[in-house]
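What follows is one structure encoded as structure tokens, with my remarks underneath.
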Amino acid sequence: MNEQDIRGLVEDVREGRISRREFIHYMIGAGLSVPMAGTILMHSGVANAQAYGSFAYKPTKRGGGGVVKLLMWQGPTLLNPHFATGTKDQYGSRMFYEPLAAWDGDGNLVPLLAAEIPSLANGGVGKDGKTVTWKLKKGVTWHDGKPFTADDVIFNHAYASDPATACTTISSYKDNKVEKIDSHTVKVTFNKPTPFWADPFVGTRGCIIPKHLFEAFSGAKSRDAPANLKPVGTGPYLFVDFRPGDLVSGKIYPNYHEANRPHFDAFEMKGGGDAVSAARAVLQTGEFDYAWNMQVEDEILLRLEAGGKGKVNIVPGGGLEMVQLNYTDPWNEVEGERASLKSKHPSLTDPAVREAFTLLIDRVSIQQHIYGRTGISTRNFVNQPTRFASKDNKFEFNTDKAAAILEAAGWKKGSDGIRAKDGKKLKYVFQTSINAPRQKVQQIIKQACTKVGIDLELKQVVASVFFSSDVANVDTYTKFFCDVQMYQTTQTQPDPEIFINQFCSWEASTKENKWQGRNITRYINADFDKIFRQAEAELDPVKRSAMFVEMNENLVKNRAIYPLVNRPAVHAVSNKMRLPLTGWDNDTAFIKDWFREG
């Protein structure tokens, strides 16, 4: 199917000659995913679906469902969505805060605090691609009774776009403006045509915090706000208690803005433990209703499912387990900063070393013996939607070839068996979070590296520390104060623009931005930056897709990243629970719709 064919089908949907479902069916046949097909329609100005999937909400009254118990083996450490560096903090914050709209499992936008989804048809999206106008839902109140208005949205833009506030969401706000049209209408103006206009105020990066509680804590005072730990949102639950890393709890908000929601009277989100214990607590003992992120060997999950209390949900998404090599020197300070952009890693910037590393990762074994159905081996950074995945995604595990590359590049083995050149040894610290599959992967890579003369010192950090948003902690993955590290990066939007921007030079994680920048490896590539800027402004969805493929190939070919497995969202859920899950937003994005049957 070529560009002209796709354009013809889009027009058929617009004119009503074929349905959205038929269009998606054709796109799947052409190799595109369901979310990507929906995104093409959205970018082409075809009205979005206003309801999500086939999920049927059954409760006929608010409350009455008792307590829903969630288990996060990495418990949230703060509850401000604009400071969340990991999904655990996003999930905890989302129990209280809401964006204007969220992404459902099919990649459709669903209104939450918005009255409707903007489109070309309803005049919400500007024809030049430079504006989007949001009409806000009326009658929404914050948990303390104050009304939610356009002023709150305006404030959130100012708050998140201020570099001194040091928000992880800054890239969604800093290059656009927002103005108040009336008390319940705001207009976002971009500085150039912006096809992916559904970024600010949408999904994980779009949760709205109240102006009246945060206004005094913008800029340098941002970390001092009491509400960072005691949220006051518009969501279905009122804050009750928060013990960082241990427990978040809430009770039903009686004035929630949607009828008959939520079903549960209260929630408890328990943190700590490990993924295997969390899986067992849902699948085998039934102590909890839901457990997050089942990073557990698949053979263990299969055994636990046999217990009959629950099942493993595998939801397609773009999550990627990956290894990163540091481009900067983490062991020497430059002007008081480790891993400064002004430094250069003494050996990991050698193309030969980077090429050897990719040959030392046995991705097939990692999938077959560890992840099974919960992780698909890959060399692509962008894997979903599949249209953006590079077709040149072959990978090879070959220690002899890796050794030959190092030898030819002048890295010779010493008496200790470690290769060295010009006084520099191939000796590295390789860190990850404490987790059985990750530690097994570390061992697999270490064995291959040892065979060719690379020495890896394995380091494991408690997950709540490794993924902490605490800027004072030196062991967080965002600081990357070691040579090699491994973790999962999540893609929470069907459009990969925000996902792939973690390789843009201006996103580098530094002391100046309190290590909140998303470019953690500090990869600097002018060609990549240039294509990204072009894609940001390309209104033609088909041409724009090609640019993302090019960016993906840039990362793969330059060995900028070492993908291991594409990980769908994997959860353990009680057999009685009914919940709409999505691989394109947080699991808790639709917590208002969760209910229990029987």
Ring centres under 6.0 angstrom apart (Trp594, Tyr290)
yes
Parallel under 30°, tilted from 30 to 60°, perpendicular over 60°: which one fits the rings of Phe528 and Tyr523?
perpendicular
With sequence neighbours left out, which residue pairs that include part of residues 302-312 fulfil the side-chain hydrogen bond (donor to acceptor under 3.5 Å, both in side chains) condition?
Glu305-Arg373
From CA spacing to verdict: side chain to side chain donor-acceptor pair (under 3.5 Å), Lys88, Thr77
CA-CA 8 Å; Lys88 60 183 178 51; Thr77 52; 3.1 Å; yes
Is it true that Glu507 and Arg518 make a salt bridge, defined as a side-chain N closer than 4.0 Å to a carboxylate O?
no
Going by heavy atoms in the side chains, are Lys446 and Thr450 under 4.5 Å from each other?
yes
Once rounded to the nearest 0.5 Å, what's the spacing between atom CG of Asp89 and atom OG of Ser468?
7.5 Å
SB check Asp329 Arg338 (cutoff 4.0 Å)
no
Would you sort out whether Gln431 and Phe481 count as a side chain to side chain contact (heavy atoms under 4.5 Å, CB included), showing the intermediate values?
CA-CA 9 Å; Gln431 72 176 11; Phe481 287 169; over 6 Å; no
Salt bridge present between Glu497 and Arg544 (N-O < 4.0 angstrom):
yes
Is the shortest side-chain N to carboxylate O distance from Glu396 to Lys401 below 4.0 Å?
yes
Show your reasoning for whether side chain to side chain contact (heavy atoms under 4.5 Å, CB included) applies to Phe480 and Ser509.
CA-CA 9 Å; Phe480 198 3; Ser509 174; over 6 Å; no
Just how far is it from atom OG1 of Thr478 to atom OH of Tyr487, taken to the nearest 0.5 Å?
8.5 Å
Give, for atom CZ of Phe196 and atom OG of Ser172, the distance between the pair rounded to the nearest 0.5 Å.
8.0 Å
Could you tell me whether a side-chain N or O of Asp585 sits under 3.5 Å from a main-chain N or O of Trp103, the two making a donor and an acceptor?
yes
Under 3.5 Å, is there a donor-acceptor pair between the Thr510 and Glu512 side chains?
no
Check the side chains of Asp289 and Ser574 for a donor-acceptor pair under 3.5 angstrom, ignoring hydrogens and angles.
no
Would you give me the side-chain donor-acceptor pairs under 3.5 Å for residues 348-357, sequence neighbours excluded?
unit_1: Thr349; atom_1: OG1; unit_2: His345; atom_2: O; d: 2.8
unit_1: Asp350; atom_1: OD1; unit_2: Ala352; atom_2: N; d: 2.8
unit_1: Asp350; atom_1: OD2; unit_2: Trp411; atom_2: NE1; d: 2.9
unit_1: Arg354; atom_1: NE; unit_2: Tyr327; atom_2: OH; d: 3.4
unit_1: Arg354; atom_1: NE; unit_2: Arg559; atom_2: O; d: 3.1
unit_1: Arg354; atom_1: NH1; unit_2: Leu348; atom_2: O; d: 2.7
unit_1: Arg354; atom_1: NH2; unit_2: Tyr327; atom_2: OH; d: 3.2
unit_1: Arg354; atom_1: NH2; unit_2: Arg559; atom_2: O; d: 3.2
unit_1: Glu355; atom_1: OE1; unit_2: Arg559; atom_2: NE; d: 2.6
unit_1: Glu355; atom_1: OE1; unit_2: Arg559; atom_2: NH2; d: 3.0
unit_1: Glu355; atom_1: OE2; unit_2: Arg559; atom_2: NH2; d: 3.1

Checking Gln502 against Thr489 for the side chain to side chain contact (heavy atoms under 4.5 Å, CB included) test, could you report, in this order, the C-alpha distance in whole Å, the side-chain angles of both residues, the deciding distance, and whether it holds?
CA-CA 10 Å; Gln502 58 187 285; Thr489 182; 3.2 Å; yes
Applying side chain to side chain donor-acceptor pair (under 3.5 Å) to Asn326 and Thr328, what does each step give before you reach the verdict?
CA-CA 5 Å; Asn326 207 334; Thr328 55; 2.9 Å; yes
Is there a donor-acceptor contact under 3.5 Å linking the side chains of Ser171 and Arg205?
yes
Do Gln324 and Tyr477 pair up side chain to side chain, a donor and an acceptor below 3.5 Å, judged on atom types alone?
no
Are Asp274 and Arg280 ion-paired here, with the side-chain N under 4.0 Å from a carboxylate O?
no
How far does CD of Gln491 sit from OG1 of Thr204, to the nearest 0.5 angstrom?
11.0 Å
Before accepting this row, confirm whether a basic side-chain N of the pair Lys427/Asp483 lies closer than 4.0 Å to the acidic partner's carboxylate O.
no
So that I can tick it off, tell me whether Lys459 and Asp475 are bridged by a salt bridge, with the cut-off set at under 4.0 angstrom between side-chain N and carboxylate O.
yes
Indicate yes or no: does Arg438 engage Glu321 in a salt bridge with an N to O separation below 4.0 Å.
yes
Measuring from Thr87:OG1 to Asp587:CG, what's the distance to the nearest 0.5 Å?
9.0 Å
Centre-to-centre under 6.0 Å for Phe96 and Phe267, is that the case here?
yes
Mind running salt bridge (Lys or Arg N to Asp or Glu O under 4.0 Å) on Lys270 and Asp246 for me, showing each step along the way?
CA-CA 6 Å; Lys270 180 66 177 172; Asp246 178 26; 2.5 Å; yes
Salt bridge or not for Lys425 and Asp416, using N-O below 4.0 Å?
yes
Answer yes if the ring centres of Phe381 and Phe499 are under 6.0 angstrom apart, and no otherwise.
yes
From Leu456 CG over to Gln443 CD, what is the distance, rounded to the nearest 0.5 angstrom?
10.0 Å
Working for side chain to side chain contact (heavy atoms under 4.5 Å, CB included), residues Val323 and Gln485:
CA-CA 6 Å; Val323 170; Gln485 68 177 4; over 6 Å; no
Please determine whether the number of non-hydrogen atoms from other residues, nucleotides or ligands lying under 6.0 Å from atom CD of Gln439 exceeds 12.
yes
Lys412 atom NZ: more than 12 heavy-atom contacts under 6.0 Å:
yes
